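This structure is a prediction, so every number in the text was calculated from the model and none was measured.
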Amino acid sequence: MSKFKVGDRVVVVVDEAGKGYWLGRRGAVEVPEDGGKLSVGVFFDSGASASFAPEELEFEHVYDELSKKPADEAPLLALKVDTRPSDAVSHPSHYADGWSNGAEVIDITENLNFNRGNACKYLARAGKKGGPEKELEDLRKALWYVRREIERLGGVSE
């Protein structure tokens, strides 16, 4: 049974089937479960409708609370997007493509600390530079920075 009921405000937080098209979109639940398939029908603010597994959605108020940045950090909404052509130094393609809003990885990482920014950088470029070995290397590098950040915060990484 779905945790959502008709009228609940939700945000799409995982969208593998739609390749990110629905990611971040907001709407209201119109069908809590679709024919026993454990999918939730959502009517979006844009007027479109689509169905998602419950784990692909989050309550809008929970999403908004988790998305709040501390007051001393710059908001991500104030990103400046550079539309100049790609080049190997200032706009490498493995950091510049794939973002639906046209942002580049640097636009995101500049708003994070060093470890988190590097983890984001390696995750974003994984699979875009070299073959499968290079993709695994980038994912391992991202994991290394995440573990380092956990340790910096006093946690124990696995």
Side-chain angles (χ1 to χ4, degrees), residues 1-88 90-113 115-130 132 134-136 138-139 141-143 145-146 149:
M1 187 167 122
S2 174
K3 67 180 180 179
F4 302 105
K5 62 184 187 309
V6 173
D8 284 343
R9 295 285 303 168
V10 294
V11 178
V12 178
V13 294
V14 176
D15 180 29
E16 293 176 9
K19 297 185 179 175
Y21 176 79
W22 297 104
L23 199 61
R25 294 183 188 246
R26 297 165 182 260
V29 172
E30 60 181 357
V31 181
E33 289 185 16
D34 184 19
K37 298 178 188 173
L38 291 179
S39 62
V40 178
V42 178
F43 182 75
F44 291 98
D45 297 344
S46 65
S49 292
S51 294
F52 299 88
E55 59 272 12
E56 295 179 302
L57 302 171
E58 185 55 78
F59 289 106
E60 187 175 55
H61 69 279
V62 173
Y63 178 85
D64 289 342
E65 188 62 33
L66 292 172
S67 299
K68 283 184 182 176
K69 293 185 68 67
D72 61 341
E73 293 185 29
L76 287 177
L77 296 177
L79 297 177
K80 295 179 184 174
V81 178
D82 192 339
T83 57
R84 293 179 293 176
S86 176
D87 70 58
S90 63
H91 301 281
S93 63
H94 55 277
Y95 289 141
D97 64 349
W99 300 94
S100 62
N101 66 356
E104 292 186 25
V105 174
I106 194 167
D107 298 319
I108 311 292
T109 61
E110 285 178 332
N111 291 286
L112 303 171
N113 71 23
N115 290 330
R116 293 174 191 203
N118 275 319
C120 178
K121 173 183 73 173
Y122 285 114
L123 285 172
R125 83 173 197 185
K128 296 181 183 177
K129 190 175 182 185
K134 187 65 176 168
E135 182 175 6
L136 285 172
D138 284 339
L139 292 172
K141 287 179 181 179
L143 181 59
Y145 280 106
V146 168
E149 181 66 5

d(Leu143 CG, Leu123 CG) to nearest 0.5 Å is 9.0 Å

**OP:** Please tell me if the side chains of Lys121 and Tyr145 come closer than 4.5 Å, counting only heavy atoms from C-beta onward.
**Re:** no

Shortest non-hydrogen pair, Ser51 vs Gly41, comes out as OG-CA, 4.0 Å

So NZ of Lys141 and CG of Leu136: to nearest 0.5 Å the spacing works out to 12.5 Å

Next item on the list: Using a strict 4.0 Å threshold on nitrogen-to-oxygen distance, state whether Asp64 and Arg9 make a salt bridge.
Entry: no

Per side-chain contact (heavy atoms from CB on, under 4.5 Å), Val42 is matched among Asp8, Val12, Leu57, Val11 by Leu57

Leu112 and Gly117 have their tightest heavy-atom pair at CB-N, 3.8 Å

Heavy-atom closest pair (Ala48 atom, Trp22 atom, distance to 0.1 Å) is CB-CH2, 3.7 Å

So OG of Ser49 and CD of Glu30: to nearest 0.5 Å the spacing works out to 4.0 Å

Interatomic distance, OH@Tyr122 vs CD@Glu135, rounded to 0.5 Å, equals 15.0 Å

Quick one: do Arg125 and Asp138 make a salt bridge, cutoff under 4.0 Å? yes

Using the side chain to side chain contact (heavy atoms under 4.5 Å, CB included) rule, take Val29 and Phe43 through it: C-alpha gap first, then chi angles, then the decisive distance, then the call. CA-CA 6 Å; Val29 172; Phe43 182 75; over 6 Å; no

### Query
Please walk me through it: do Glu55 and Lys3 pass side chain to side chain contact (heavy atoms under 4.5 Å, CB included)?
CA-CA 10 Å; Glu55 59 272 12; Lys3 67 180 180 179; over 6 Å; no

In this structure, CD of Glu110 is separated from SG of Cys120 (nearest 0.5 Å) by 11.5 Å

If you apply the rule side chain to side chain contact (heavy atoms under 4.5 Å, CB included), what do you find for Val10 with Glu60, and how did you get there? CA-CA 5 Å; Val10 294; Glu60 187 175 55; 5.9 Å; no

By salt bridge (charged side-chain N to carboxylate O under 4.0 Å, His left out), Glu56 pairs with (sequence neighbours left out) none

Rounding to 0.5 Å, atoms CZ (Arg25) and CZ (Phe44) come to a distance of 7.5 Å

Note: Ala126 and Leu139 closest approach over all heavy atoms is CB-CD2, 3.8 Å

